[in-house]
Structures are given as structure tokens and as C-alpha cells.
Amino acid sequence: MGMNLRTKRKIRRLVDKVALALSVAVLLAPCLFVFFWMVSLSVKYDIDNTAWPPVFWPEQVTFDNFAKVFDESPMLLYFWNSVQVTGSATLVALLLGVPAAYGIAKARAHKMAAVLLLSRMTPGLSYLIPLFTLFQVLGLIGTVWPIALTHMVITLPIVVWIMIGFFETQPHELEEAARIDGATLWQAFRYVALPLSRPGIVVGAILAFISSWNNFIFGAVFAGRTTRTMPVAVYNMLTFESFAWGPLAAAAIVVMLPVILLTIVIQREIVQGLSAGGVK
Amino acid sequence: MIVFPWIFTIWMSLHDWHIGSKQTFVGLDNYIALATNRRFLESIGHTIYFTILAVVLPMVLGTVSALVFHKKFRGRGFFRTIFIMPMMATPVAVSLIWTMMFHPQLGVLNYLLSTVGLPPSEWVYSPNTVIPSLILVEIWLWTPFVMIIVLGGLASLPTEPYEAALIDGASQWQMFWNITYPLVLPFLVVALIMRTIDALKVFETIWAICNGGPGTSSEVLNVYLYAQAFAYNQVGTASAVVVVFFAIIVALSLILLWARQKAKWA
């Protein structure tokens with residue numbers, strides 16, 4: 001009788017385990033398949049890429065597609081453009097956003113947080129028409145700076161959003177002690193709160209970096225031939241080479257490689273940072 | 001940075017203005033023209049259709065995945081990293097891969113359908129299937145976002161109520177319904193608000209995959225807006241679209257925020 005109950009429990013635990021493994025597999029399958037197919041397209045010759053039925057495991061693997069991406073377009077220039085745009089937009093967002101978030105969190109100015117939500121609600125395109133006109137007047141069209149400036153519309157709210165969450169959960173006794181010892185608000189921020197919030201700053205910076213790197217629309221409107229960012233460059237390849245699937249997939253990989261690597265490096269912090277900011 | 005574009009947009013929406021030519025004041029004419037413009041009204045319909053599917057499906061799937069990834073098992077961190085990869089990948093690049101997979105003659109998706117005995121689909125190449133196909137991409141991209149927010153909610157759950165409930169002899173279902181659900185609800189509402197806003201604003205994937213086509217069958221508001229502003233240079237009309245668009249987003253967000261407050265008090 002007791003034996004029977006134990007086997008029953010054992011079977012039940014096994015069923016639970018199998019069910020869990022199955023559901024994890026089902027959840028991951030679409031994700032894995034799309035990435036697998038992207039890599040597969042990028043290392044196959046065109047003859048394999050346009051074969052029917054599709055070739056899943058090619059007999060011959062090639063890296064010509066990657067070579068083609070760099071030969072036929074100034075990909076390194078576009079990479080450098082993206083680095084300039086994303087780098088400066090992230091840096092400025094940190095310089096402005098971290099103190100701003102500190103102020104909002106300490107003053108409990110939740111109305112300001114509502115303004116942030118408003119900026120997330122605004123379609124990015126709606127900034128573009130007035131800004132396009134403004135940049136034309138200023139003669140900045142044709143340089144990377146309009147793109148970098150508009151990318152701050154993306155990076156700044158992310159940094160502020162993540163950092164408010166961080167500063168609010170920080171214990172405030174240390175800063176209060178500093179204030180009692182005669183530190184100004186700025187000093188309390190600079191020497192106490194800021195060093196403590198380094199993990200939050202890293203998450204905010206990387207999430208801002210990823211969103212800016214991935215952004216297409218601002219670059220699409222403001223970029224000329226020599227100021228394209230990576231996503232714009234890839235989109236343009238699509239319009240000109242409809243059937244060269246290998247180079248297209250290779251270009252897609254080149255564009256997303258930096259953000260994929262960043263995600264792998266700090267995945268745990270991303271999950272924590274996003275869910276901490278989520279309740280605000 | 002935020003206020004200037006707004007005032008300028010409203011001012012522009014009251015003018016007839018092509019880029020490169022002089023603007024003339026026309027009052028509310030742009031708005032009146034929009035109200036009878038079939039293409040604009042259809043784009044609102046597409047936006048609503050797209051938004052409903054692109055909110056409901058990732059919400060359901062994201063919540064289910066959060067419940068799965070909340071369980072402790074070996075390799076959880078690793079699998080979770082793979083799972084959140086889509087939302088980090090560059091959307092335009094992802095769209096490109098999907099475009100190739102959707103190809104009706106040579107695409108791998110139709111091959112996969114054929115292996116399970118289903119007829120091929122036209123995917124994004126037919127007006128009837130284009131929006132559901134785009135929804136597939138949207139689900140793929142944004143289910144992880146919902147998952148992360150809900151996972152944060154699950155992780156913040158206190159253990160005391162469960163212990164008390166166990167002592168009182170509550171069933172699994174009763175614990176889920178009476179403890180887990182109300183405590184996670186605020187997180188679900190946050191995910192719902194974010195997802196709704198993002199779905200209303202969808203642009204990049206649709207633009208990259210099918211340009212709002214075939215014809216105008218997948219032209220959502222943001223795509224219509226882009227075409228007016230940067231393909232036809234109709235700045236006045238486009239600005240009026242922005243104002244209407246923003247009004248819709250604000251109205252919906254207010255409803256959702258109100259729902260969030262209710263959820264907090266309940």
C-alpha cells in the first residue's frame with residue numbers, strides 16, 4: 001500500500017518533469033528556428049538557398065556571403081556611423097538621465113514619470129516632421145548629428161525609467177547621514193547614491209544602447225548615402241537584392257551581432273532591470 | 001525637446017504645406033479631408049485589427065511562458081537568455097529573415113506546412129493573410145517582453161500568504177486565483193499598457209516586410225503617416241494624422257491607466 005503510494009508520487013513527479021521539458025521546448029522552438037534559419041541562409045550558396053525542398057543541412061558551407069556584404073557596401077563606414085550615433089545618444093542620455101531620475105525619485109515627482117510615459121506613447125514619427133524641418137533650417141541634414149540627436153528621444157526615457165526604479169529601491173539612510181554631515185544634495189548624489197547605483201547604470205546604458213542600435217526610423221529619414229546606420233543599410237540591401245538571400249541573411253547577422261553579444265553578457269541584469277522598472 | 005515638436009505639429013496641421021513650397025493657412029481643412037479619406041479610415045481599421053491581435057496573443061503566451069520560467073529547473077538561466085533573444089535582435093534585420101521565410105514558392109514556412117500536411121499559404125503576399133502573418137512576427141518579437149514583466153511580478157510574490165493558505169488547506173487552484181492572480185495583476189496591467197502603446201505604433205516590421213501592401217491592405221496609421229510625410233511630402237496632412245493618432249493613443253492609455261488604478265484598489 002505504502003509502496004503503491006510512493007510509485008504513484010514518483011510517476012506524478014516524472015510526468016511533471018516531462019511536461020515542463022516539453023513546454024520549454026515548445027516555447028523555445030520558434031525562437032531557435034528563426035535564428036537557425038538565419039545562420040543557415042547566410043552560410044549556403046544561392047543554389048541551396050533557392051532549392052525546393054529547402055536545404056536544412058548544406059553539403060557545402062561558404063562564407064562568401066559575408067565577404068560580399070563587406071565588399072559591395074561600405075559596411076565598416078555604416079558600422080562606424082552606428083557606433084557614433086548610438087554611443088553619443090547613450091552617453092548624453094546617461095549624463096542627463098541619471099541625475100534627472102535621482103531628482104524624480106527623491107522628490108517623488110510621479111507626474112514627471114507620467115510625462116515619460118507620454119513620451120513613450122508619442123509615435124516616433126511625430127517628432128520627425130518638426131525636427132526634419134528644424135534640421136533643414138540648421139543645415140545639419142547629411143551629417144550623423146541629427147540622427148544622434150533624435151536617438152536621444154529613445155535613450156533618455158529608458159535611462160530615466162530604469163534609474164527611477166533603482167533609486168527608489170535604494171536605502172536612503174546613507175544619503176541622509178551624508179546630508180546631516182553637511183553634504184549638499186549634489187554631493188550626496190555624486191559620492192553616495194551614484195557609486196551605489198552602478199549596476200542600475202550598466203543596465204540602463206546597455207538597454208538604451210540596444211534600443212538605439214536597433215532603431216531604424218530616425219536613420220531612415222535623416223540618413224544620406226554616407227551617414228546610414230546599420231539597420232538602414234540592411235533595409236536598403238533588401239530593396240536592391242531581392243533574391244540574393246545569402247548576403248541578406250549575412251548582413252542581418254552582422255547588424256544584430258553586437259546586441260546579441262551584449263544580451264548574452266548581461267542577460268541576468270536585463271531581466272532584473274526590466275522587471276524592476278516595470279512596476280513604476 | 002518634447003514640447004516644441006508638439007506646438008509645431010499642431011501649427012502645421014492647420015496649414016496646407018508641401019515640403020519646398022509655401023504654406024497657406026487652411027484652418028481645419030486637413031482634418032475635414034481626413035474624415036472622408038477612405039485610405040485613412042481603412043488604416044485606422046487595420047491598426048485596430050492589428051493591435052487587438054498583437055496585444056492579446058503576446059499577453060497570453062508571455063504570461064504562460066513566465067509561469068514556465070518561474071519554475072526552478074536546470075539550465076533555466078540559459079534557456080531564458082535564448083527566449084529573450086528575439087526582443088533584443090534588430091527588428092529590421094529580423095523582418096528581413098521573416099520576409100524570406102514567408103516567400104510563397106521558396107519560403108521555408110510553406111515547406112514546414114507541407115510536412116504536416118497543410119496547404120501552402122500566401123503569407124504577406126495576399127491581402128487576406130498579410131495582417132495575421134505580420135502578427136506572427138510581432139508575437140515572435142514581443143512575447144519575451146511580456147514574459148519579463150510578468151516574471152518580475154512572480155518573483156516579487158511574498159511566501160507568507162501561501163504558507164497561511166496551505167495551513168488552511170487551500171487547493172492549488174484557490175491559491176492561484178486568490179493570491180497569485182491579484183498580486184500579479186498590476187504587472188499584467190503594466191505589460192498590457194506597454195504592449196498596447198507599442199502595437200498601436202507599429203511601423204518598422206510592416207515597412208520592412210511589405211511596405212503596407214499588397215496595395216494598402218496592411219497600411220496601419222504609422223505607415224500611412226510615413227507615406228504622407230516622406231513619400232508625398234504632405235506635411236500639413238501628415239501633421240493632422242499625428243494629432244488624431246496621438247489623441248487615440250492618449251484616450252486608450254487613459255482607459256488602461258484607469259483600469260490599472262481599479263486593479264490596485266480591488
Side-chain angles (χ1 to χ4, degrees), chain A residues 20 23-24 27-28 30-32 34-35 37-38 41 50 52-54 115 117-131 133 152-153 210 213-214 216-217 221 230-231 234-235 238 245 248-249 251-253 255-256 259-260 262-264 267-268 270-272 274-276 278-279, chain B residues 1-2 4-5 8-9 12 65 68 71 73 77 79-86 88-94 96-101 105-106 108 111 140 145 148-149 151-153 155-156 186-187 190-191 194 197 201 203-204 208 222 225-226 229-230 235 238-239 242 245-246 249-250 253:
Chain A
L20 183 67
S23 37
V24 171
L27 287 176
L28 289 183
C31 167
L32 286 173
V34 173
F35 284 117
W37 196 243
M38 173 171 77
L41 286 170
T50 51
W52 188 268
V115 171
L117 189 66
L118 208 68
S119 77
R120 193 189 165 100
M121 279 157 36
T122 314
L125 277 169
S126 59
Y127 291 110
L128 284 179
I129 304 164
L131 289 178
T133 322
M152 274 168 224
V153 174
I210 291 175
W213 185 274
N214 285 345
F216 163 71
I217 180 77
V221 173
M230 297 279 274
V234 168
Y235 174 74
L238 175 71
W245 284 5
L248 271 182
I253 291 177
V255 172
M256 61 170 85
V259 290
I260 296 286
L262 272 178
T263 308
I264 294 171
Q267 60 89 14
R268 188 184 303 275
I270 288 179
V271 172
Q272 278 165 358
L274 272 181
S275 39
V279 263
Chain B
M1 251 327 244
I2 292 175
F4 160 74
F8 196 55
T9 302
M12 284 189 301
S65 359
V68 169
K71 291 195 192 316
F73 54 89
F79 291 126
R80 201 180 52 193
T81 309
I82 296 178
F83 191 75
I84 63 170
M85 228 38 124
M88 298 299 171
T90 312
V92 173
V94 167
L96 226 118
I97 305 298
W98 278 91
T99 311
M100 296 187 255
M101 298 193 345
Q105 278 85 46
L106 301 171
V108 71
Y111 175 75
W140 189 86
F145 176 76
I148 285 183
I149 303 275
L151 197 63
S156 72
F187 290 85
V190 167
M194 296 294 181
I197 293 171
K201 294 194 324 191
F203 173 77
E204 300 192 352
N222 231 351
L225 174 59
Y226 188 88
F230 298 104
V235 179
S239 300
V242 169
F245 193 6
F246 191 66
I249 293 183
V250 169
S253 308

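Below, read A as the first sequence line, B as the second, and so on, with proteins coming before strands; counting in each chain starts at 1. All of these numbers come straight from a predicted model, not from anything done at the bench.
Residues A/Cys31 and B/Trp140 approach most closely at CA-NE1, 3.4 Å, considering heavy atoms. Closest of all the heavy-atom pairs between B/Val92 and A/Pro231 is CG1-O, 3.8 Å. In plain terms, the two heavy atoms of B/Thr99 and B/Ala208 that are nearest each other are OG1-O, 4.4 Å.
Within the 4.5 angstrom heavy-atom criterion, only side-chain atoms of B/Phe246, from C-beta onward, approach chain A. Proximity to chain A (any heavy atom under 4.5 Å) is shown, for B/Phe83, by both the backbone and the side chain. Using a 4.5 Å cut-off between heavy atoms, A/Leu27 touches chain B through backbone and side chain atoms alike. In this structure, the portions of B/Tyr111 lying under 4.5 Å from any heavy atom of chain A include both its backbone and its side chain. For A/Leu262, no part lies near chain B; criterion is any non-hydrogen pair under 4.5 Å. In this structure, chain A has a heavy atom under 4.5 Å from the side chain of B/Ile97, while its backbone stays farther away. Contact of B/Tyr226 with chain A is made through backbone and side chain together, with heavy-atom distances under 4.5 Å. Contact of A/Ile264 with chain B is made through backbone and side chain together, with heavy-atom distances under 4.5 Å.
Taking CH2 from A/Trp245 and CH2 from A/Trp37, the interatomic distance works out to 8.5 Å, rounded to the nearest 0.5 Å.
In this structure A/Ser23 satisfies the side-chain hydrogen bond (donor to acceptor under 3.5 Å, both in side chains) test with no other residue, sequence neighbours excluded. B/Thr90 pairs by the side-chain hydrogen bond (donor to acceptor under 3.5 Å, both in side chains) definition with A/Asn214, not counting sequence neighbours.
Your options are A/Ile210, A/Leu20, A/Val255, A/Ile260, and the one with the most heavy-atom pairs under 4.5 Å with chain B is A/Leu20. Note on B/Met12, B/Met101, B/Glu204, B/Met100: by heavy-atom pairs under 4.5 Å with chain A, the leading option is B/Met100. Of the listed residues (B/Val242, B/Leu96, B/Val250), the one with the most heavy-atom contacts under 4.5 Å to chain A is B/Leu96.
Proximity of a side-chain donor or acceptor of B/Asn222 to a complementary backbone N or O of B/Lys201 within less than 3.5 Å is detected.
Aromatic ring pairs are classed by plane angle as parallel below 30°, tilted from 30° to 60° and perpendicular above 60°; the pair B/Phe203 and A/Phe216 is parallel.
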